[in-house]
Structures are given as C-alpha cells and as structure tokens.
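Worksheet: one structure, shown below.
Positions are given from 1 along the sequence.
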Amino acid sequence: MKTAILGPAQRAEALARMAERELDILVVGGGVVGAGTALDAATRGLSTGLVEARDWASGTSSRSSKLIHGGLRYLEMLDFALVREALKERGLLLERLAPHLVKPVPFLYPLQRKGWERWYAGSGVALYDAMSVSSGHGRGLPVHRHLSQKRALRVAPCLKRDALVGALQYYDAQMDDARYVATMVRTAAAYGAQVANRARVVGFLREGERVVGVRVEDVEGGGDYEIRAQQIVNATGVWTDDTQALIGERGQFHVRASKGIHLVVPKDRIHSSTGLILRTEKSVLFVIPWGRHWIVGTTDTGWDLDKAHPAASSADIDYLLEHVNEVLATPLTRDDVEGVYAGLRPLLAGESDATSKLSREHTVAHPLPGLVVVAGGKYTTYRVMAKDAVDEAVHGLDQRVADCVTEDVPLVGAEGYKALWNARARIAARTGLHVARIEHLLNRYGSLTEELLELVVADPSLGEPLAHADDYLRAEAVYACTHEGARHLDDVLTRRTRISIETFDRGTRSAREVAELMAPALGWDDDQIEKEIAHYQKRVEAERESQRQPDDLTADAARLGAPDIVPL
C-alpha cells in the first residue's frame with residue numbers, strides 16, 4: 001500500500017477533486033469518528049471525501065484523557081454491553097490495528113476499607129479481565145493482582161500510608177489521541193479518500209427534501225467549493241446540533257457538551273511506577289503516566305459556552321489538585337502544573353441533568369434523505385460508530401457495497417513496526433541517533449519513522465532536538481507540514497507534538513524555532529512567521545488568563561481574547 005502524504009499540494013488537489021464529481025460519501029468532521037468513518041467508507045471501495053473546519057482532531061479528539069479503555073466504572077452501572085464492546089476494540093487496537101500508537105498502562109486502585117471493598121472491587125476487576133479475554137483480543141495484557149498496603153506503597157511510594165489499606169492493580173491502554181486521528185486520516189487517504197482540513201462547511205445543498213451536498217469555504221485559500229455526494233455523514237461531535245442547524249432541520253436527538261479538564265505535571269512530582277485511579281464524589285480521577293509527565297484528570301461539568309476553545313477555570317484546577325492531594329504524601333501545587341487542557345465530551349441528551357449520567361452510548365440517525373448523523377459514544381469505540389454510520393449511509397446508495405473490513409485494516413505505520421522495534425539498536429547505530437530517540441520515533445510514527453529519518457539524512461541538522469522541547473527532533477516539525485497536514489504553528493505545537501502542554505512555557509520558547517522550520521514547507525515569508533508566533537503567544541496568554549478566572553463564564557471570556565485563525 002502506498003503511503004499518503006498530506007502536504008499543501010495534496011490538500012489543494014483533494015479539494016479540487018471533491019468538487020469535480022459526485023462522491024459516494026462525504027464525511028463532515030475530522031475528529032476520531034469522522035476520520036474513522038472516512039476510513040471505513042474508503043476501505044469498502046466507496047469514493048469518499050472528508051472535510052474539517054479547523055485542524056484534524058482540533059476539538060474533543062485531541063483533548064481526552066488519552067485512554068483506550070473498557071470503562072471500568074460502567075460495570076458498576078451494569079452497562080455490560082458497552083464495556084464488552086470497548087474491551088474488544090481495546091484489544092484490536094493493541095494487537096492488530098495500531099500497536100505502534102496504543103500501549104498498555106497499569107493502574108493502581110487504592111482500597112480504603114478492609115474486607116468487603118476488596119471483594120467488591122476485586123470482583124469487578126476480575127469480571128473486567130474475563131470480559132477482555134472472552135472478546136478474543138485481550139490476552140496481551142497482564143491480569144489484575146491484589147496488593148497489600150506494603151506492596152502497594154512499594155509500587156506507588158507517592159501515596160499517603162493512611163490513604164489505603166491495600167490496592168488492586170489492573171491494566172488498560174493509552175495513546176496520543178491527536179496523533180492517532182492524524183494517522184487515521186493518512187490511512188483513509190492511502191485507501192483513496194480525498195481529505196482536506198481548514199475546509200469549513202458553511203451550508204448544505206438541497207434538491208427538494210434530499211440533501212445532495214455541501215458548500216465548503218477554503219479557510220486557507222479563501223475559495224468556495226460545492227461538493228456533492230450521494231450521502232453526507234455529519235460526524236461533528238459537540239457541534240452536531242450546530243451543523244444540523246445549517247440545514248434548517250431539527251435533529252432527532254440532541255448532543256450536550258460536558259467539559260473535562262486535565263493537568264500535566266512533570267514525572268518527578270509523583271513518585272510511582274504505576275498510574276492511579278481514584279474515586280471522587282462525582283466520578284473517578286485518573287493519574288496517568290505520559291512519557292516524562294503525568295496527566296491528572298478529569299472533571300465532568302456541563303458546558304454551553306464557546307465550543308472551539310473550552311476554558312479551564314481556576315475552580316477546575318483547584319478541584320483536581322484538591323482531590324489528588326487527598327492521597328498524595330507530597331501534595332501538588334499550582335507551581336507544579338506544566339500544562340492545562342480542557343475538552344468537551346459529546347453526550348446524548350437524556351432525562352438527567354447531571355452530565356455524568358448522560359449516555360456514553362452512540363446513536364446513528366437518517367433524519368433526511370442523503371444525510372446521516374452519528375453522535376455520542378467514546379473514543380475507544382470510534383470504529384464501531386464509524387461502521388454503524390457507513391452501514392446506515394449504504395442504505396441510500398444505489399449500489400451493492402461490501403461489508404465493513406476495518407477490523408482487519410491496520411493504520412499506516414503498524415505494518416512492520418514490531419520488526420523495526422526489534423531492530424531499534426541497529427537503526428540507532430546506522431543513523432547516529434540514541435536508541436531512546438529511535439524508540440520515541442517508533443512509538444509515534446511506527447514504520448513511517450523511515451520517512452522521517454530520510455529528512456535527517458538530507459539535512460543532518462534536523463536530527464537535533466528542539467532547543468526548548470528536547471523530547472522532539474527538529475525533523476518532526478518539518479514532517480508535520482510535509483506529511484501530516486499541519487498548516488499553522490498551533491497545529492504543530494499543540495497536536496502533532498504536545499509541546500504546548502509538556503513545557504512550563506507552554507511552547508512559547510519553541511515557537512520561533514518551530515515556525516522557521518515550518519516556513520519552507522508551507523511557503524511562509526518573514527511576515528507570516530511573525531504572525532504565526534504572535535498568534536500563538538496570544539493564545540497562550542489567553543489560556544493562562546482564563547485559568548486565573550473563578551468560573552466558566554469569566555474563563556470563557558478570557559479565552560476568547562485571542563483570535564482563532566491566523567490570517568495568511
């Protein structure tokens with residue numbers, strides 16, 4: 001299979017091709033569900049398009065807890081079907097579809113009461129493991145184990161002694177959510193899908209009752225396109241109702257947004273060899289290993305303000321710090337926080353006002369001829385959501401269409417990954433890079449690492465780390481533009497890399513170096529470089545200001561102080 005390249009020329013060509021002739025399926029929304037839907041449709045042999053108003057995964061799909069999990073707490077709600085489905089998908093991702101991107105991660109669940117709690121929680125985790133194995137794709141993860149207080153404190157010395165009487169340890173999985181989506185978009189393109197980010201749907205085309213296409217604004221080039229398709233799939237997540245409003249039709253269901261915020265702290269602030277899962281009065285709190293950092297989250301509160309840039313308030317940050325410090329021997333302070341990010345979960349509106357009780361199930365509807373809507377669900381089960389959406393769309397096509405095959409379609413970079421991992425020492429010797437660098441690249445790009453190393457061969461300076469974010473090579477900033485569809489500085493610092501949340505300066509000290517690396521690939525002049533840097537700095541300033549505000553309303557107003565799009 002030929003690997004697709006998502007550079008500026010390919011983006012322009014994709015927009016032109018989508019406007020040339022009617023597609024079978026056009027997907028609106030470049031998050032994990034939209035990207036998954038495009039991949040599903042393309043691998044069934046359908047002519048497929050995918051458009052995204054901003055950057056790939058710029059909304060919910062880059063701001064999650066970075067977990068691929070069955071949802072242990074849903075067992076307590078007796079939602080066995082949801083957990084079983086998610087555990088099957090977790091196994092597929094780990095073993096077959098994306099072993100280079102999805103990795104096992106251990107979690108410790110502290111027990112606070114002797115006797116019944118160990119039996120109760122242990123039964124739940126045992127069932128979790130059993131359901132994973134019974135799915136046929138769960139044998140790659142270790143089974144849970146019971147720990148005494150002494151053994152628990154040995155694997156997690158960060159915990160207060162009086163915070164637990166013992167513990168359970170079990171395994172789930174994690175990934176870089178934004179990188180996963182970008183990789184899936186490239187996979188869809190490799191199978192023939194035409195894809196374009198920064199392409200905003202501004203209206204729908206109708207012929208009588210039937211939806212026959214969309215009007216798209218090229219946010220970068222300023223042009224307008226009419227893209228026609230036999231079936232349009234609305235996969236815009238928390239924007240579902242807004243997208244439906246462009247058609248002038250009331251949807252069959254509504255999507256509500258629930259805000260979850262996360263803190264990123266350096267690895268040395270929490271002394272533990274395992275992640276943690278803690279109960280709160282409302283939900284659960286995770287402390288998740290993340291390279292040289294920890295992610296602490298999350299909150300679960302209703303949000304009806306700006307969807308593009310949900311803001312974390314001072315109250316949100318205090319909530320997480322207060323709850324995690326209840327169990328930490330050395331408490332975290334504001335000074336320990338490197339990064340903060342807020343995301344919105346798309347929940348199907350139900351009868352309960354509490355967002356933690358709204359449905360995490362997904363639904364698919366066909367409200368008008370030519371239009372399919374998919375919404376709800378969770379990151380882990382995106383592939384099932386995509387399958388259901390395409391299955392529904394197929395009913396409106398005048399042709400015989402193959403069944404879904406994505407259960408057997410690895411993402412680009414997966415094929416050959418394990419062999420390259422075994423050869424990482426040899427690759428390090430050949431390239432002159434440290435073996436830890438090669439491991440970093442393989443776990444971000446898989447077998448596509450060879451493409452990135454070709455850039456280093458052509459320009460050895462690209463094999464150097466970024467001056468103020470030395471987890472990343474200079475080549476990665478260039479590759480993001482030439483191969484992964486990055487169009488702006490924000491795309492690279494926030495999603496192709498995670499510099500914006502992994503450094504105390506939030507990426508501002510790396511901004512100039514990265515912008516100058518991006519400039520040749522994107523044709524920027526000095527003026528555009530300055531605009532990109534200034535825009536990014538304003539964004540960081542607005543986010544910092546929002547995080548000093550006492551509540552959602554004032555935090556939202558502060559975050560909106562930065563402009564959304566850099567003028568070209």
Side-chain angles (χ1 to χ4, degrees), residues 3-15 18 26-42 48-64 66 98 101 175-191 193-201 216-220 233-239 243 307-309 341 343-344 346 379 382-383 385-386 411-413 444-446 448 476-477 479-501 518 521-522 564-566:
T3 302
I5 294 175
L6 304 184
Q10 289 77 19
R11 175 185 173 278
E13 182 181 356
L15 279 170
M18 282 189 275
L26 175 68
V27 184
V28 180
V32 68
V33 177
T37 302
L39 176 59
D40 188 293
T48 304
L50 171 64
V51 292
E52 159 60 38
R54 298 188 293 155
D55 184 28
W56 307 122
S58 57
T60 303
S61 296
S62 62
R63 306 178 189 189
S64 73
K66 325 297 186 210
L101 299 177
M175 46 69 222
D176 182 329
D177 47 9
R179 171 147 300 283
Y180 191 96
V181 173
T183 304
M184 187 154 48
V185 171
R186 286 189 70 184
T187 308
Y191 283 102
Q194 301 298 327
V195 303
N197 56 352
R198 307 283 179 184
R200 178 185 294 119
V201 171
V216 170
E217 174 193 359
D218 180 358
V219 178
E220 299 290 288
V233 178
N234 176 3
T236 52
V238 294
W239 285 273
T243 308
K307 296 186 180 74
H309 304 293
Y341 65 93
L344 301 178
Y379 201 112
Y382 80 86
R383 195 191 64 82
M385 296 175 66
L411 299 194
V412 291
R444 284 171 53 75
Y445 306 95
L448 300 182
E476 295 184 71
Y479 187 83
C481 303
T482 57
H483 289 69
E484 297 182 329
R487 299 289 302 169
H488 291 285
L489 179 58
D490 183 60
D491 299 343
V492 174
L493 293 177
T494 307
R495 286 172 291 278
R496 301 309 183 280
T497 71
R498 292 307 190 145
I499 295 170
S500 67
I501 59 171
M518 296 173 68
L522 297 177
D564 189 22
I565 295 188
V566 180

- [ ] Using a strict cut-off of less than 4.0 Å between a Lys/Arg side-chain nitrogen and an Asp/Glu carboxylate oxygen, indicate whether R54 and D490 qualify as a salt bridge.
- [x]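 Judged by the 4.0 Å cut-off on N to carboxylate O distance, R54 and D490 do not form a salt bridge.
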Check [X] against [Y] and note the closest heavy-atom contact, atom names and distance.
X	Y	result
G30	E52	N-OE1, 2.7 Å
A386	V33	CB-O, 4.4 Å
A486	V492	CB-CG2, 3.8 Å
A14	Q194	CA-OE1, 3.4 Å
S64	D177	OG-OD2, 2.6 Å
W56	R496	CD1-NH2, 3.8 Å

In Å, rounded to the nearest 0.5 Å, how long is the span from [atom1] of [X] to [atom2] of [Y]?
X	Y	atom1	atom2	value
M385	T37	CE	OG1	8.0 Å
Y479	R444	OH	CZ	11.0 Å
L101	L411	CG	CG	6.5 Å
H483	Y445	NE2	OH	11.0 Å
R198	D218	CZ	CG	11.0 Å
L39	L50	CG	CG	10.5 Å

Task: Non-hydrogen side-chain atoms of I5 and T482 separated by less than 4.5 Å - done: no
Task: Side-chain heavy atoms of I501 within contact of R63, under 4.5 Å - done: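 No. Closest side-chain heavy atoms not under 4.5 Å.
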- [ ] Assign the ring pair Y382 / Y379 to parallel, tilted or perpendicular, where the plane angle (0 to 90°) is split at 30° and 60°.
- [x] perpendicular
Task: side chain to side chain contact (heavy atoms under 4.5 Å, CB included) between V51 and M18, intermediate numbers included - done: CA-CA 10 Å; V51 292; M18 282 189 275; 3.9 Å; yes
Without swapping roles, check the side chain of [X] against the backbone of [Y] for a donor-acceptor pair under 3.5 Å.
X	Y	result
S61	V32	yes
S62	A57	yes
T60	L344	yes
N234	T243	no

TODO: Scan D55, V219, L522 and name whichever one has a side chain to side chain contact (heavy atoms under 4.5 Å, CB included) with R487.
DONE: L522
TODO: Sort out for me which residue in E476, R186, R495 forms a side chain to side chain contact (heavy atoms under 4.5 Å, CB included) with E484.
DONE: R186
Task: Polar side chain donor-acceptor pair, E220 to H488, under 3.5 angstrom - done: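 Their side chains do contain a donor-acceptor pair, which is all the 3.5 Å distance test asks for.
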- [ ] Under the side chain to side chain contact (heavy atoms under 4.5 Å, CB included) rule, what do T183 and M175 come out as? Steps first, then yes or no, please.
- [x] CA-CA 12 Å; T183 304; M175 46 69 222; over 6 Å; no
